[in-house]
**Student:** 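Right, I'll just put the structure down here and ask away after.
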Amino acid sequence: MSGVRGWWVAAWLWRLCGLLLSPLAAHSAGADASVGEALYRQGQLPGGAPLGGERAEGGSVQGLRAACITCHRASGLGTTEGRTVVPPIIGKYLFRPHSTNVQDLSLPHVPGYRSTREPYTDITLARAIRDGLAPNGRTLSYLMPRYALDDATMASLVAYLKGLSGGAVPGVSDDTLHFATIVTPDADPVQARAMLQVLESFFADKNAFIRGGLRPMQASREIEYRVSRRWQLHVWTLEGPPDRWEAQLRKRLAAEPVFAVISGLGGRTWEPVHRFCQAAKLPCLLPNVDLPVVAEEDFYPVYFSRGVLLEADLIAGWMAERQVASDDTRSLRRLVQVYRRDDVGEAAAAALATAAAAAGMAVETRQLRAGAPERGDVAAAMRNLGGGDVLVLWLRPSDLATLPSGPPSVAGVVVSGQMGALERAPLPAAWRAVARMSYPADLPDRRSVRMNFPLGWLRIKQIPVVAERVQSDTYIACGILAETLTDMLDSFVPEYLVERAEVMLSHRQVNGYYPRLSLAPGQRFASKGGYVVRFDGPAGASLMPEGDWATP
Amino acid sequence: MAAQQLEFVVVLALALAGPMAALAAGTPADAPRHDHSGSKGLKVSMAEYAVPDIWLLRDDGRKVLLPRELDDGRPLVMNFVYTTCPGICPLMSAVFSQFQQRLGAEREKVHMVSISIDPEQDTPARLREYANRFSAGSQWRHYTGTVEASVAAQKAFDAYRGDKMSHDPLTLMRAGPGKPWVRIDGFATSADLLEQYIAVAAMCEPAKSAR
């Protein structure tokens with residue numbers, strides 16, 4: 001151990017020399033890292049002008065496309081694209097003296113790092129940024145632009161890189177990783193219990209492997225293996241109206257710092273949670289929500305899909321194809337949508353109404369009163385419908401169960417699968433015979449093999465299946481978190497968690513309800529598509545897709 | 001400027017017609033190349049690919065059959081990209097953009113093809129937006145489709161690397177239907193592309209002079 005410490009002292013002395021000898025040192029002392037931050041993250045020069053970079057080949061880049069963050073990512077830990085390596089550019093990697101021994105636990109491996117590279121100094125780093133030369137004078141990759149920065153701006157950028165992703169990380173201690181899950185007060189209580197059971201069981205599983213304390217394993221030659229950490233779950237149950245949630249979340253985070261939010265369950269809105277995660281720079285991975293926030297420029301919240309908004313697009317596409325296929329071009333004349341106030345169907349109906357109006361259809365919405373179904377109010381909404389109408393039901397199972405036994409005579413009926421519990425929707429038999437369903441998941445027979453993993457796990461854990469989709473998605477979310485953490489080694493940087501999840505997802509085969517999940521910078525909805533299906537076979541028990549998997 | 005370049009293309013095409021005719025006749029061999037700084041590791045080879053019947057969705061929303069789209073008679077320059085790619089694809093697309101500029105008026109005779117390797121995300125609308133970013137002319141089309149179709153297209157050209165984030169820079173060229181493909185592995189600059197294009201265009205010359 002003392003050997004390691006001595007080595008660190010040497011490293012610091014070395015770094016200090018670099019600083020003292022550097023003509024930039026004068027600038028560094030007073031360098032404003034916030035200038036460096038604007039440059040790094042927005043590609044903005046002091047004064048607001050866009051940053052410009054020149055590549056040896058392929059021309060110039062400006063603004064955000066020239067910003068460090070575009071390739072080196074928010075964490076600064078870099079990435080790989082095929083055989084192309086984008087190295088980490090945070091201080092502790094840039095300035096680390098070269099070493100062939102893997103002794104330094106403070107410097108976990110990241111894919112873009114080569115430990116044999118000579119360390120940078122402030123001078124050689126400025127040269128790399130301006131002239132594209134590595135410390136040994138070799139030309140940097142053709143991907144790296146050259147930036148003509150003045151000394152003061154350069155010093156700010158270097159100061160920023162020295163501090164980037166270098167601080168203490170909340171929710172991470174020597175032996176424990178803290179995670180939160182968030183339940184909103186309007187979430188379904190049965191689903192909430194089911195979700196928490198999966199989370200608690202998964203966390204217990206994770207910790208069951210840790211026996212005999214948490215000492216790092218040691219081998220000869222002082223190579224220390226990474227420490228496995230206990231996972232601790234914090235359940236943040238919110239109270240009151242949505243406008244009071246953010247304050248509660250901030251308080252919970254201050255009291256119980258966590259590394260990330262995993263899964264969670266929402267009701268009619270998730271927006272305050274989304275906003276909180278983005279503002280607190282807290283990854284919020286894969287909550288169970290029907291109506292996520294569509295803001296893919298936000299970095300931290302990641303969702304399974306666009307939920308009911310995806311369904312609105314699927315239905316719009318289905319209607320457009322029906323219009324084209326139909327002999328009578330006016331066969332779908334009017335869109336009539338039914339939703340219950342204060343539920344997610346309202347936003348979906350608004351999105352679909354916009355698309356239908358753009359396609360030249362008349363649009364009508366029939367809003368049911370907020371709260372539980374009232375006797376006959378669903379049936380009342382089915383009146384005054386005609387042959388040119390498409391009826392779209394944004395309703396929960398409790399409402400679908402109160403439909404009148406016979407469907408109206410209309411051009412089409414579409415039921416939201418996301419809201420109506422997919423094929424389990426309690427549609428009366430006569431409705432099943434005519435209805436279509438927007439289906440933002442893989443078809444049951446196609447997902448059945450993949451579903452063996454979550455369902456088998458639930459069986460082993462003796463967890464009853466009471467909300468299959470929520471339980472499966474929660475299990476998949478936990479699996480994704482576990483695999484991503486394994487990929488990260490010990491680089492506990494919140495942004496890096498999201499970045500590694502982006503890379504890792506495409507390799508996964510076990511995705512439960514979804515045929516595939518995939519993310520990238522600027523992609524925050526992992527499953528992109530769905531079907532419109534009709535019910536077939538005896539009692540409408542099997543599903544027939546009306547077309548291919550669509551990704552609107 | 002454009003006229004000068006075109007002249008240059010023709011002169012070089014004639015100069016290269018001899019050796020290229022031999023290449024076109026069969027044996028795979030390395031086409032001529034120069035290493036530019038920054039494009040080290042460029043590997044140019046000749047290849048034959050069978051393009052299966054794959055339906056793709058063009059950036060204008062039309063369904064097209066890939067082999068028919070490729071066999072439209074024009075020389076082809078093709079790559080694989082995706083619109084949310086942070087590093088390599090925007091650079092490859094910038095190079096395509098420069099390449100079409102360097103071609104000048106000649107560019108109308110070329111068919112440039114960019115196929116998405118992230119087709120579920122890359123809808124025709126997103127592809128159009130991406131194409132506009134690189135001032136793509138009407139000769140440069142972007143294609144998407146189902147995941148299966150995109151993977152099949154990648155596999156047909158030995159470009160499939162498992163997922164979108166594992167792809168490596170690759171450009172493919174062909175003089176016309178029935179001609180062999182030139183495969184350029186590695187990051188090719190617009191100068192590299194022009195050089196290879198001239199060589200590829202030369203493959204058509206013997207046929208023309210025979211007429």
Side-chain angles (χ1 to χ4, degrees), chain A residues 55-61 64-67 69-73 78-86 111 132 138-145 296 305 313 317 499-500 502-508 514-530 548-552, chain B residues 36-42 55 57 61 63 80 82-99 101 117-126 133-134 144-149 151 159 161-170 185-193:
Chain A
R55 283 189 169 122
E57 299 288 348
S60 59
V61 277
L64 188 56
R65 293 197 175 108
I69 196 171
T70 299
C71 292
H72 295 278
R73 310 306 317 277
T79 185
T80 57
E81 275 184 63
R83 275 168 296 191
T84 306
V85 167
V86 180
R138 192 181 55 82
T139 306
L140 293 178
S141 162
Y142 59 84
L143 273 173
M144 173 70 186
E296 291 186 277
S305 86
D313 288 347
E499 292 158 16
R500 293 307 303 175
E502 285 175 4
V503 174
M504 186 277 296
L505 269 190
S506 327
H507 307 305
R508 276 180 66 89
Y514 307 98
R516 63 193 76 82
L517 300 173
S518 162
L519 294 171
Q523 289 187 30
R524 287 297 175 262
F525 301 102
S527 178
K528 327 279 184 195
D548 294 333
W549 170 262
T551 51
Chain B
H36 299 268
S37 76
S39 60
K40 278 179 197 152
L42 209 61
W55 286 97
L57 196 57
K63 271 195 168 183
F80 295 90
Y82 67 102
T83 64
T84 54
C85 171
I88 295 173
C89 315
L91 182 52
M92 286 172 68
S93 297
V95 165
F96 260 40
S97 185
Q98 287 179 336
F99 172 68
Q101 268 183 323
I117 58 171
D118 187 16
E120 295 209 324
Q121 175 76 14
D122 292 340
T123 56
R126 286 201 177 103
R133 206 174 118 190
F134 296 100
T144 182
T146 63
V147 168
E148 293 76 16
V151 168
R161 297 290 176 268
D163 70 276
K164 65 181 186 296
M165 297 201 185
S166 304
H167 80 291
D168 286 308
L170 166 71
D185 283 291
F187 171 65
T189 65
S190 58
D192 295 330
L193 292 187

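Just so it is clear: chains get the letters A, B, ... in the order the sequence lines come, proteins before strands, and each one is counted from 1.
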**Student:** Quick check against the 3.5 Å criterion: does D168(B) have a side-chain atom that pairs as donor or acceptor with the backbone of R83(A)?
**Tutor:** yes

**Student:** Less than 4.5 Å to any heavy atom of chain A: does that hold for the side chain of P90(B), its backbone, both, or neither?
**Tutor:** neither

**Student:** Mind listing the closest non-hydrogen atom pair of G58(A) and V95(B) along with its distance?
**Tutor:** CA-CG2, 4.1 Å

**Student:** Step by step, would you call E57(A) with D192(B) a side chain to side chain contact (heavy atoms under 4.5 Å, CB included)?
**Tutor:** CA-CA 11 Å; E57(A) 299 288 348; D192(B) 295 330; over 6 Å; no

**Student:** Whether the side chain of E81(A) engages the backbone of G87(B) through a donor-acceptor N/O pair (distance < 3.5 Å, no angle test) should be reported.
**Tutor:**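 Yes, the answer is positive, given that a donor and an acceptor are paired below the 3.5 Å cut-off.
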
**Student:** Does any backbone or side-chain atom of R516(A) lie under 4.5 Å from a heavy atom of chain B? Answer side chain, backbone, both or neither.
**Tutor:**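 For R516(A), side-chain heavy atoms alone lie under 4.5 Å from chain B.
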
**Student:** At a heavy-atom separation under 4.5 Å, does L519(A) approach chain B through its side chain, its backbone, both, or neither?
**Tutor:** backbone

**Student:** Between CD of Q523(A) and CG of D122(B), what distance do you get to the nearest 0.5 Å?
**Tutor:** 7.5 Å

**Student:** For R65(A), check salt bridge (charged side-chain N to carboxylate O under 4.0 Å, His left out) against everything at least two apart and list the hits.
**Tutor:** none

**Student:** Please rank P515(A), P521(A), G59(A), S527(A) by heavy-atom pairs under 4.5 Å with chain B and give me the top one.
**Tutor:**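 Most heavy-atom pairs within the cutoff with chain B belong to P521(A).
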
**Student:** If I measure from the heavy atoms of chain A, does S190(B) come under 4.5 Å with its side chain, its backbone, both, or neither?
**Tutor:** neither

**Student:** Output all residues satisfying salt bridge (charged side-chain N to carboxylate O under 4.0 Å, His left out) with R500(A), sequence neighbours left out; order by chain, then residue number.
**Tutor:** none

**Student:** Within a strict 4.5 Å, meaning less than it, do heavy atoms of the L91(B) and Y142(A) side chains meet?
**Tutor:**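 Side-chain contact under 4.5 Å: yes.
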
**Student:** Once rounded to the nearest 0.5 Å, what's the spacing between atom NZ of K528(A) and atom OG1 of T123(B)?
**Tutor:**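 K528(A) NZ to T123(B) OG1: 11.0 Å, rounded to 0.5 Å.
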
**Student:** Name the residue from M165(B), K164(B), E120(B) that meets the side chain to side chain contact (heavy atoms under 4.5 Å, CB included) definition with S518(A).
**Tutor:** K164(B)

